[in-house]
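What's counted below: heavy atoms across the whole structure, side chains too, no hydrogens, waters or symmetry copies.
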Amino acid sequence: MSTRIAFLKGHGTENDFVIVPDPENAIDLPPAAVAALCDRRAGIGGDGLLHVVRSAAHPEAEAMAAEAEWFMDYRNGDGSVAEMCGNGVRVFARYLQRAGHVTDGDLAVATRGGVKTVHIAKDGDVTVGMGRAVLPEGDVTVSVGERSWPARNVNMGNPHAVAFVDDLSHAGDLLSPPPISPAAAYPDGVNVEFVADRGPGHVALRVHERGSGETRSCGTGACAVAVAAARRDGADPTATGAPATYTVDVPGGTLVITERPDGEIEMTGPAVIVAEGEIDADWLGTATSA
């Protein structure tokens with residue numbers, strides 16, 4: 001390994017990421033290294049890490065190489081592996097554009113949640129085809145202190161529990177995962193969204209992301225919230241033939257989510273690269289072994 005490793009920093013509605021370009025999958029990034037890089041005091045800082053690899057070079061993505069040249073090897077801020085990150089895909093696409101790998105228009109990105117279609121608009125926003133939501137059956141309850149709420153179980157390639165509350169302050173500090181009942185509904189952990197109404201087709205959320213704590217935004221969470229809100233409001237585009245669109249305010253900005261009659265969900269929002277530099281590999285080695 002060279003003594004320095006290139007990195008960039010980016011965010012999508014303030015859901016921020018360390019980006020490590022590694023086309024040939026030559027950089028070893030064990031969980032401790034990812035956690036060190038994402039540490040906000042001793043590292044670069046981020047909700048997660050985007051490891052940019054050519055699909056053909058990664059064993060988890062080589063089967064998708066014919067559909068998508070690039071694989072988003074996404075890690076949570078604690079170093080754990082995640083299936084998908086909607087804001088991360090937008091920032092990943094922005095990096096590919098900045099690096100000259102793609103231009104405005106359409107592209108495909110491989111993720112552990114499957115191949116995602118992306119459109120980079122000339123006005124700067126990025127739209128991601130997030131796939132279809134799965135709504136597992138069974139009652140789920142979310143608790144904070146003495147309060148508890150029924151929650152909608154929504155899977156967007158990763159698991160979500162969506163609870164509608166009167167006030168977002170009821171979510172508490174979200175420093176630790178809110179208790180879920182039954183725990184067996186989410187054997188691998190869960191992202192928990194607390195949602196308050198802002199008007200017709202308009203909601204706001206706070207989220208505890210699995211492996212990261214409270215974040216300023218969660219793309220898959222915004223999609224899960226839009227689907228849960230639509231079903232609560234009596235709208236199912238696959239049944240009515242009419243798309244359902246929700247504006248979702250997150251602490252870091254605004255996302256627009258549309259569920260189409262074919263069940264496919266599209267998310268549109270900004271993606272920004274804010275910095276680039278080099279990681280000192282000696283520091284990373286020391287931080288990882290500490």
Work out which heavy atom in A161 is nearest to a heavy atom in V142; give both atom names and the distance. CB-CG2, 4.1 Å
Is there a path of hydrophobic side-chain contacts, each under 4.5 Å between heavy atoms of I/L/V/M/F/W/Y residues, joining I273 to V109? yes
Side-chain touch D106/T117, heavy atoms, less than 4.5 angstrom: no
Nearest heavy-atom pair of A57 and P23: which atoms, and what distance? CB-O, 3.7 Å
Rounded to the nearest 0.5 angstrom, the CD-CZ distance for E69 and R54 is 5.0 Å
Would you list the pairs meeting ring pair (Phe, Tyr, Trp, His ring centres under 6.0 Å) in which at least one residue belongs to residues 115-150, sequence neighbours left out? W149-F194
I265 side, atom CD1; T258 side, atom OG1 - distance, nearest 0.5 Å: 10.0 Å
Report yes or no: do L8 and I5 belong to one cluster of Ile/Leu/Val/Met/Phe/Trp/Tyr joined by side chain heavy-atom distances under 4.5 Å? no
What's the verdict on side-chain contact (heavy atoms from CB on, under 4.5 Å) for L284 and T286, showing C-alpha distance, side-chain angles and the deciding distance? CA-CA 5 Å; L284 187 60; T286 300; over 6 Å; no
So, does D123 use its side chain to make a donor-acceptor pair with the main chain of D125 at under 3.5 Å? yes
Does any part of the side chain of V227, heavy atoms only, come nearer than 4.5 Å to the side chain of V225, both counted from C-beta? no
Please check if any side-chain donor atom of D236 sits under 3.5 Å from a side-chain acceptor atom of T238, or the reverse. yes
Pair N15-C85, side-chain contact (heavy atoms from CB on, under 4.5 Å): steps then yes or no: CA-CA 10 Å; N15 194 187; C85 175; 4.2 Å; yes
Is there a donor-acceptor contact under 3.5 Å from the side chain of R147 to the main chain of H170? no
Measure across A204 and R198 and return the closest heavy-atom pair with its distance rounded to 0.1 Å. CB-NE, 3.7 Å
Might you work through the side-chain contact (heavy atoms from CB on, under 4.5 Å) test for E14 and S217, ending with a clear yes or no? CA-CA 6 Å; E14 298 183 10; S217 180; 5.8 Å; no
S55: what forms a side chain to side chain donor-acceptor pair (under 3.5 Å) with it, not counting sequence neighbours? none
Side-chain heavy atoms of F92 within contact of W70, under 4.5 Å: yes
Of all residues at least two apart in sequence or in a different chain, which pass the side chain to side chain donor-acceptor pair (under 3.5 Å) check with E62? none
Side-chain heavy-atom pair M72, V89 within 4.5 angstrom cut-off: yes
Looking at residues at least two apart in the chain, or sitting in another chain, which of them share a side chain to side chain donor-acceptor pair (under 3.5 Å) with D282? none
By ring-ring contact (aromatic ring centres under 6.0 Å, His included), which residues pair with H51, not counting sequence neighbours? none
List for me each residue that meets ring-ring contact (aromatic ring centres under 6.0 Å, His included) alongside Y246, sequence neighbours excluded, and say none if there are none. none
May I ask you to test the L49-L37 pair for a side-chain heavy-atom distance under 4.5 Å? yes
Using a 6.0 Å distance limit plus a 45 degree cone around the ring axis, check whether R232 lies over the aromatic ring of F164. yes
If we only count heavy atoms from C-beta on, is the E259 to R231 side-chain gap below 4.5 Å? yes
Here the pair of heavy atoms bringing L205 nearest to P251 is O-CD, 3.4 Å
So for atom CG, which belongs to D233, do other residues, nucleotides or ligands contribute more than 12 heavy atoms lying within a distance under 6.0 Å? yes
Are the side chains of N191 and H208 in contact, using a 4.5 Å heavy-atom criterion? no
So, T268 versus T127: side-chain donor-acceptor pair below 3.5 Å or not? yes
Using the rule given for side-chain contact (heavy atoms from CB on, under 4.5 Å), can you reason through V256 versus V248, listing the C-alpha separation, both sets of side-chain angles and the distance that settles it, and then say yes or no? CA-CA 6 Å; V256 177; V248 181; over 6 Å; no
For E276, is there an ion pair with R98 - N to carboxylate O distance below 4.0 angstrom? yes
Indicate yes or no: does D16 engage K9 in a salt bridge with an N to O separation below 4.0 Å. yes
Heavy-atom donor-acceptor pair, N76 side chain to S212 backbone, under 3.5 Å: no
Please assess H202 against D249 for the test side chain to side chain donor-acceptor pair (under 3.5 Å), listing each intermediate value before the final yes or no. CA-CA 8 Å; H202 189 181; D249 294 338; 2.7 Å; yes
Are any of the side-chain nitrogens in E193 or R152 under 4.0 Å away from the carboxylate oxygens of its partner? no
Transitive ILVMFWY side-chain link I44 to V52, under 4.5 Å: no
Answer yes or no: does atom CG of D167 have more than 12 heavy-atom neighbours from other residues, nucleotides or ligands under 6.0 Å? yes
Rounded to the nearest 0.5 Å, what's the gap from CG on L96 to OG1 on T103? Could you check? 11.0 Å
Against N87, only a single residue in T220, V128, D47, L255 fulfils side chain to side chain contact (heavy atoms under 4.5 Å, CB included); can you say which? L255
For the pair D262 and R260, find out whether any cationic side-chain nitrogen is under 4.0 Å from an anionic carboxylate oxygen. yes
Distance check, rounded to the nearest 0.5 Å: F17 atom CZ versus R94 atom CZ? 13.5 Å
I'd like to know if V91 and V53 are part of one continuous hydrophobic network [Ile/Leu/Val/Met/Phe/Trp/Tyr, side-chain heavy atoms within less than 4.5 Å]. no
Electrostatic pair D73-R75, nearest N-O below 4.0 angstrom: yes
If you take all heavy atoms of A230 and A244, which pair is closest and at what distance? CB-CB, 4.4 Å
Any chance you could measure N155, atom CG, to Y186, atom OH, to the nearest 0.5 Å? 8.5 Å
Count I, L, V, M, F, W, Y as connected when their side-chain heavy atoms are under 4.5 Å apart, and connections chain through other members. Are V144 and V195 then in the same cluster? no
Taking atom types as modelled and ignoring hydrogens, do the side chains of D104 and Q97 form a donor-acceptor contact shorter than 3.5 angstrom? yes
Write down the atom of C38, the atom of G77, and the distance for their closest heavy-atom approach. CB-O, 3.7 Å
Does some side-chain heavy atom of V34 sit less than 4.5 Å from a side-chain heavy atom of D78? no
In this structure, CZ of R112 is separated from CD of E60 (nearest 0.5 Å) by 4.0 Å
Does this structure show an ion pair linking E83 with R210, if we count only N-O contacts that are shorter than 4.0 Å? yes
